[in-house]
Amino acid sequence: TTTSSGLFATSKGYWKDPYIQYFARSVGERKAPEINRGYYARVQGVNHLLDAFIKKAECDCQVINLGAGLDTTFWRLKDENLMPRKFFEVDFPTVVARKIHNIKTKPPLSKPIIETHSTDSLLLDAHSLDSDRYCIIGADLRDVSNLDEKLKKFQLNPELPTLLLSECVLVYMTPSQSSNLVHWAAETFHTAMFINYEQVNMSDRFGQVMIENLQRRQCTLAGVEACQSLDSQKERFLKTGWENADALDMMTVYSMLPQDDVARIERLEFLDERELLQQLLQHYSICWASKDKHNLGKTHLCNC
């Protein structure tokens, strides 16, 4: 799972995440160095865009992590004084139940939520948590009207600048389901940014092998047609009401990261085949789309 990969990479020192240990069952099996470097690039790339948006909005914004899993971003943002007005997470009820159980039973997770909560009632049941600044919702992203209803019930504010985030989520939905979701987001918020991290260049041989390997594990990429190229990734957003879209493959992102830190993580583990790292990173991308009806300038992050 993403959490055990993240825990392994953080245990090796790729980046710091003091909270991930409370969600992972164990450090899990050793991951190959190219996987760890790829994960590092993903975390740095996504966080760079997310943090830039929050800073530009001076924290007067909201974040919605779609298919958040056991992600720890809420705690990182609190520690770095980058808390948005409200941080929402959505995932399947079974995933949410596990996350809420961990939060309830681990004080280092629950304490920061209580600290950012001022009113009397903190809602906590098996499939949802709602506090002043952090909300976890159990819902199926393929049912957009139900998602909209649940988010609004927990004080989602369509007037606030909003950042939406999905990492390896849209690829598991059919193209029409993911289009509906990104279209809903474009229709709901006048100032928004959507960051999507997932596969790209999937029509070449390496991409085909990735698909076959996943199918062998009973895992079907229902949305792989949007992953043909950087253009097809951008197209999904441009066709559904987003004003601008940019996309970079992760090899390009890796080459743009602060080189002193890249040099540091490259010393952590010996990498035999740099070519394999290149191939792997050329098959993942970050795509970010934006719309800014009120010209607040919150979404012009492409040059940062």
Side-chain angles (χ1 to χ4, degrees), residues 1-12 14-15 20 23-46 66-71 91-92 94-95 98 140-142 165-178 181 195-233 235-236 247-255 265-266 268-287:
T1 67
T2 307
T3 308
S4 68
S5 308
L7 185 60
F8 184 79
T10 54
S11 74
K12 283 274 177 213
Y14 280 84
W15 70 93
I20 197 167
F23 289 115
R25 291 187 173 127
S26 68
V27 174
E29 74 222 53
R30 189 178 175 279
K31 299 285 185 273
E34 63 274 10
I35 302 281
N36 294 328
R37 290 188 191 184
Y39 207 143
Y40 164 83
R42 165 187 174 174
V43 168
Q44 302 303 319
V46 169
L66 300 165
L70 303 173
D71 182 76
D91 213 317
F92 287 123
T94 49
V95 178
R98 184 180 158 199
D140 188 330
L141 298 172
R142 294 167 298 190
L165 174 61
S166 61
E167 299 182 63
C168 294
V169 170
L170 303 185
V171 69
Y172 293 107
M173 301 162 75
T174 66
S176 68
Q177 288 164 345
S178 70
L181 182 62
I195 304 171
N196 181 42
Y197 168 88
E198 68 182 10
Q199 292 86 340
V200 76
N201 297 326
M202 292 301 274
S203 43
D204 67 12
R205 184 71 200 115
F206 190 89
Q208 290 307 305
V209 171
M210 279 171 76
I211 292 167
E212 285 158 20
N213 287 343
L214 283 163
Q215 277 170 342
R216 241 177 257 127
R217 297 187 347 226
Q218 263 66 59
C219 190
T220 309
L221 301 179
V224 80
E225 74 181 54
C227 304
Q228 297 311 304
S229 65
L230 293 173
D231 282 338
S232 66
Q233 283 286 2
E235 228 13 59
R236 165 166 43 210
L248 296 171
D249 73 55
M250 293 310 292
M251 195 61 219
T252 307
V253 172
Y254 191 75
S255 70
I265 66 118
E266 288 188 345
L268 294 174
E269 293 180 284
F270 176 67
L271 179 66
D272 213 11
E273 295 272 338
R274 181 140 184 116
E275 209 174 284
L276 188 57
L277 175 72
Q278 240 165 333
Q279 274 192 307
L280 185 68
L281 294 190
Q282 279 162 357
H283 288 84
Y284 283 89
S285 66
I286 292 181
C287 178

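The number of heavy-atom neighbours closer than 6.0 Å to CD of Gln208, taken from other residues, nucleotides and ligands shown, is above 12. By the 6.0 Å contact criterion, CD on Glu275 is open, its count of non-hydrogen atoms from other residues, nucleotides or ligands being 12 or less.
Formation of a donor-acceptor pair under 3.5 Å by the Arg37 side chain with backbone atoms of Glu266 is found in this model. Under the 3.5 Å distance criterion, the side-chain polar atoms of Gln44 are left unmatched by any main-chain donor or acceptor of Ala41.
Two residues are said to be in side-chain contact when any heavy atoms from C-beta on lie closer than 4.5 Å; Asp249 and Val253 fail this criterion. For the pair Ile195 and Ile286, the minimum side-chain heavy-atom distance is below 4.5 Å.
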Inset, instruction - Applying side-chain contact (heavy atoms from CB on, under 4.5 Å), run through Cys219 and Tyr172 and close with a yes or a no. - result: CA-CA 9 Å; Cys219 190; Tyr172 293 107; 3.5 Å; yes
Inset, instruction - Output, in order, the C-alpha distance, side-chain angles, deciding distance and verdict of side-chain contact (heavy atoms from CB on, under 4.5 Å) for Tyr284 and Val200. - result: CA-CA 5 Å; Tyr284 283 89; Val200 76; 5.7 Å; no
Inset, instruction - Verify side-chain contact (heavy atoms from CB on, under 4.5 Å) between Gln199 and Val224, making sure each step is shown before the conclusion. - result: CA-CA 8 Å; Gln199 292 86 340; Val224 80; over 6 Å; no
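Of the N and O atoms on the side chains of His283 and Asp204, at least one donor lies less than 3.5 Å from an acceptor on the other residue.
Of all heavy-atom pairs between Cys227 and Val171, the closest is SG-CG2, 3.7 Å. Contact between Ser232 and Ala226 at its shortest, heavy atoms only, is OG-O, 2.9 Å. Scanning both residues, Leu281 and Gly38, for their nearest heavy atoms gives CD2-CA, 3.5 Å. Scanning both residues, Asn196 and Ser166, for their nearest heavy atoms gives OD1-OG, 2.9 Å. Minimum interatomic distance between Met173 and Leu141 (heavy atoms only, all atoms of both residues): CE-O, 3.7 Å. Across all non-hydrogen atoms, the minimal contact from Gly69 to Val95 is CA-CG1, 3.8 Å.
By the 30° and 60° cut-offs, the orientation of the rings of Tyr254 relative to Tyr40 is perpendicular.
Here Lys31 contributes atom NZ and Phe8 contributes atom CZ; the two are 8.0 Å apart, rounded to the nearest 0.5 Å. Between atom CZ of residue Arg98 and atom OG1 of residue Thr3 there is a gap of 6.5 Å, rounded to the nearest 0.5 Å. In this structure, CG on Leu170 lies 12.0 Å from CG on Leu221, to the nearest 0.5 angstrom. Put simply, OG on Ser176 and CZ on Arg142 are 11.0 Å apart, with the number rounded to the nearest 0.5 Å. To the nearest 0.5 Å, atom OH of residue Tyr197 and atom CZ of residue Arg42 are 5.5 Å apart. The structure places CG of Leu70 at 8.0 Å from CG of Asp91, a figure rounded to the nearest 0.5 Å.
The existence of a salt bridge linking Glu198 and Arg236 is confirmed by a sub-4.0 Å separation between a basic side-chain nitrogen and an acidic carboxylate oxygen. Salt-bridge annotation for Arg30 and Glu269: present, with a side-chain N of the basic residue lying under 4.0 Å from a carboxylate O of the acidic one.
Partners of Glu34 according to the side-chain contact (heavy atoms from CB on, under 4.5 Å) rule, which considers only residues two or more places apart in sequence or in another chain, are Ala32, Leu271, Leu276, Leu277, Leu280.
The side chain to side chain contact (heavy atoms under 4.5 Å, CB included) test with Ser285 is passed by exactly one of Leu248, Thr252, Leu230: Leu230.
Aromatic pair Tyr39/Tyr14: centroids not less than 6.0 angstrom apart.
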